[in-house]
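Keep in mind that this is a model prediction, so the values were computed, not measured. Below, read A as the first sequence line, B as the second, and so on, with proteins coming before strands; counting in each chain starts at 1.
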Number of protein chains: 2
Amino acid sequence: MNELVKFEQYLRTHGQKMTRPRRIILKAFIETEGHLTTEDILREAKKVDPGIGQATVFRTIRLIADAGLAREALQDDGARKFEHLADHPHHDHLLCVGCGKIIEFLSPAIEKEQQKIFSQYAFLPRGHMMELLGLCPECQAKQKKGE
Amino acid sequence: MNELVKFEQYLRTHGQKMTRPRRIILKAFIETEGHLTTEDILREAKKVDPGIGQATVFRTIRLIADAGLAREALQDDGARKFEHLADHPHHDHLLCVGCGKIIEFLSPAIEKEQQKIFSQYAFLPRGHMMELLGLCPECQAKQKKGE
DNA sequence: TTGATAATGATAATCATTATCAATGAGGTA
DNA sequence: TACCTCATTGATAATGATTATCATTATCAA
């Protein structure tokens, strides 16, 4: 669990403390794949310590994101979602608007073009969010049947 | 004002009615450039008719989006933002994380690569959201001075 | 061990959005 | 034109996510 070390390091260098709730929340978050709401994370964390409050989850997930161990996923609507970056190289998302399925992909060609845009406008890159929206093969089939 | 016609057509074909508030809200929205919150739109609409309620703005902006005359912009956080699509060809955004400045750009190369991703996974394209985040030249300079 | 200070959890507050509902308005029909 | 039906409106309450507050507790360096 390399992430715990990274998180401790981040906290120390920012004058903050490692605590039991933070450890539990980080562990629950890292060990769960996918796009999680704070509620999801709270549910997992409560399995270890039911006393953990949701306010602490909100506070901690922000720290985890600031430490570079998580990024916010695009919210379709409603609650924010986060995904961890442990053993998880950079990628973008292909989302089915029918069933909500998420496919992760990486396009080196797109990444390269994005860099071109940054330099064209003399921006210092700080990341990007990209989500492709479409209808997956299954939902296309379902839609045809329905008609 | 071609958009008014399109909107009326959309409403008629969906069993809904054109009303004075809807006309005012659409006009205010189309005539204002940029990324607008419902509050922004309400402010403009109230200049024409102070009696317009915010609930109606929420309801109407959704109709406008459904009619294909607006799209939701990526929300950094907080309130949703919308931009109209009148006289406004497709584009993506380059956002400065320092000052919030938004630059619109279009990259045919990226668009083409996105189509490749769609066909690779046999998805029926329904659009995409892309936002590049970085620090603009002005904010880079400001940051250097501050140190 | 102690003491300064950050963190916690419970709860209230806030903010955007949605639901409710009585009154009004639109548009088709006689 | 007058009427009738039903969608729409605006005010307000309700909801849901997130943030602020605050007394109590925990952490960690000395």
Side-chain angles (χ1 to χ4, degrees), chain A residues 4-5 7-29 35-67 70 72-82, chain B residues 4-5 7-29 35-67 70 72-82:
Chain A
L4 185 58
V5 176
F7 193 42
E8 280 181 333
Q9 200 163 40
Y10 174 83
L11 291 175
R12 210 174 315 119
T13 60
H14 287 73
Q16 301 189 249
K17 297 167 182 176
M18 173 52 79
T19 65
R20 178 180 154 78
R22 285 179 178 172
R23 230 185 315 261
I24 292 172
I25 290 167
L26 177 68
K27 193 158 182 293
F29 178 58
H35 294 190
L36 308 181
T37 64
T38 54
E39 204 188 328
D40 296 330
I41 300 167
L42 178 62
R43 193 183 320 115
E44 289 304 310
K46 271 182 185 289
K47 289 181 186 170
V48 179
D49 180 349
I52 287 178
Q54 55 182 355
T56 303
V57 174
F58 274 102
R59 288 186 284 234
T60 305
I61 192 66
R62 180 183 302 180
L63 288 175
I64 293 174
D66 289 346
E72 197 173 335
L74 276 191
Q75 62 238 67
D76 0 350
D77 72 336
R80 282 182 216 162
K81 291 182 187 142
F82 298 87
Chain B
L4 185 58
V5 176
F7 194 40
E8 280 180 334
Q9 201 163 40
Y10 174 84
L11 291 176
R12 211 174 316 120
T13 59
H14 287 73
Q16 301 189 244
K17 297 170 180 173
M18 173 52 78
T19 65
R20 179 179 153 78
R22 285 179 178 171
R23 231 184 316 261
I24 293 172
I25 290 167
L26 177 68
K27 192 159 182 294
F29 178 58
H35 294 190
L36 309 180
T37 64
T38 54
E39 205 188 329
D40 296 329
I41 301 168
L42 178 62
R43 195 183 318 115
E44 290 305 311
K46 270 183 186 288
K47 290 181 186 169
V48 179
D49 180 350
I52 288 178
Q54 53 182 355
T56 303
V57 174
F58 274 103
R59 288 186 283 233
T60 305
I61 191 66
R62 180 182 301 179
L63 288 175
I64 293 173
D66 288 347
E72 197 174 336
L74 275 192
Q75 62 240 67
D76 0 351
D77 71 336
R80 281 182 216 162
K81 291 180 184 142
F82 297 88

Below 4.0 angstrom from OP1 or OP2 of dT18(C), is there any side-chain N or O of R59(B)? no
Rounding to a whole Å, what distance do you find between [X]:[atom1] and [N]:[atom2]?
X	N	atom1	atom2	result
D49(A)	dT8(C)	CG	C1'	11 Å
L26(A)	dT8(C)	CG	P	13 Å
L11(A)	dA29(D)	CG	P	13 Å
L63(B)	dT9(D)	CG	P	8 Å
E8(A)	dA29(D)	CD	C1'	16 Å
R22(A)	dT27(D)	CZ	P	11 Å
I61(B)	dT18(C)	CD1	C1'	16 Å
Y10(A)	dA6(C)	OH	C1'	15 Å

Quick one: [atom1] on [X] to [atom2] on [Y], what's the gap to the nearest 0.5 Å?
X	Y	atom1	atom2	value
F29(A)	R22(A)	CZ	CZ	15.5 Å
F82(A)	I64(A)	CZ	CD1	9.5 Å
T19(A)	I24(A)	OG1	CD1	8.5 Å

Please encode protein proximity along nucleotides 25-30 of chain C as a string of B, S and -, counting only heavy-atom distances under 4.0 Å. BBS---
Writing each nucleotide of DNA chain D 5' to 3' as (, ), [, ], | or . by Watson-Crick or G-U pairing under 3.5 Å yields ||||||||||||||||||||||||||||||
R80(A): what forms a salt bridge (charged side-chain N to carboxylate O under 4.0 Å, His left out) with it, not counting sequence neighbours? E72(A)
Pairs involving residues 48-61 of chain A, ordered by first then second residue, that meet salt bridge (charged side-chain N to carboxylate O under 4.0 Å, His left out) (sequence neighbours left out): R20(A)-D49(A)
Would you say I52(A) and L42(A) make side-chain contact, with heavy atoms under 4.5 Å? yes
Side-chain donor-acceptor pairs of residues 7-17 of chain A under 3.5 Å, sequence neighbours excluded:
from, atom 1, to, atom 2, distance (Å)
T13(A), OG1, Q9(A), O, 3.1
T13(A), OG1, Y10(A), O, 3.0
H14(A), ND1, Y10(A), O, 2.8

Table of protein N/O atoms under 3.5 Å from nucleotides 12-17 of chain C N/O atoms:
from, atom 1, to, atom 2, distance (Å)
dT17(C), OP1, R80(B), N, 3.1

Is it the case that over 12 heavy atoms from other parts of the model lie below 6.0 angstrom from the CZ atom of R43(A)? yes
In sequence, state the C-alpha distance, the side-chain angles, and the governing distance for L4(B) and K27(B), and then conclude on side chain to side chain contact (heavy atoms under 4.5 Å, CB included). CA-CA 8 Å; L4(B) 185 58; K27(B) 192 159 182 294; over 6 Å; no
Can you list the residues that meet the side chain to side chain donor-acceptor pair (under 3.5 Å) rule with T37(B), with sequence neighbours excluded? D40(B)
Under the side chain to side chain contact (heavy atoms under 4.5 Å, CB included) rule, what do I61(A) and I25(A) come out as? Steps first, then yes or no, please. CA-CA 8 Å; I61(A) 192 66; I25(A) 290 167; 5.8 Å; no
So which one's nearest nucleotide on DNA chain D is more toward 5', A55(B) or G15(B)? G15(B)
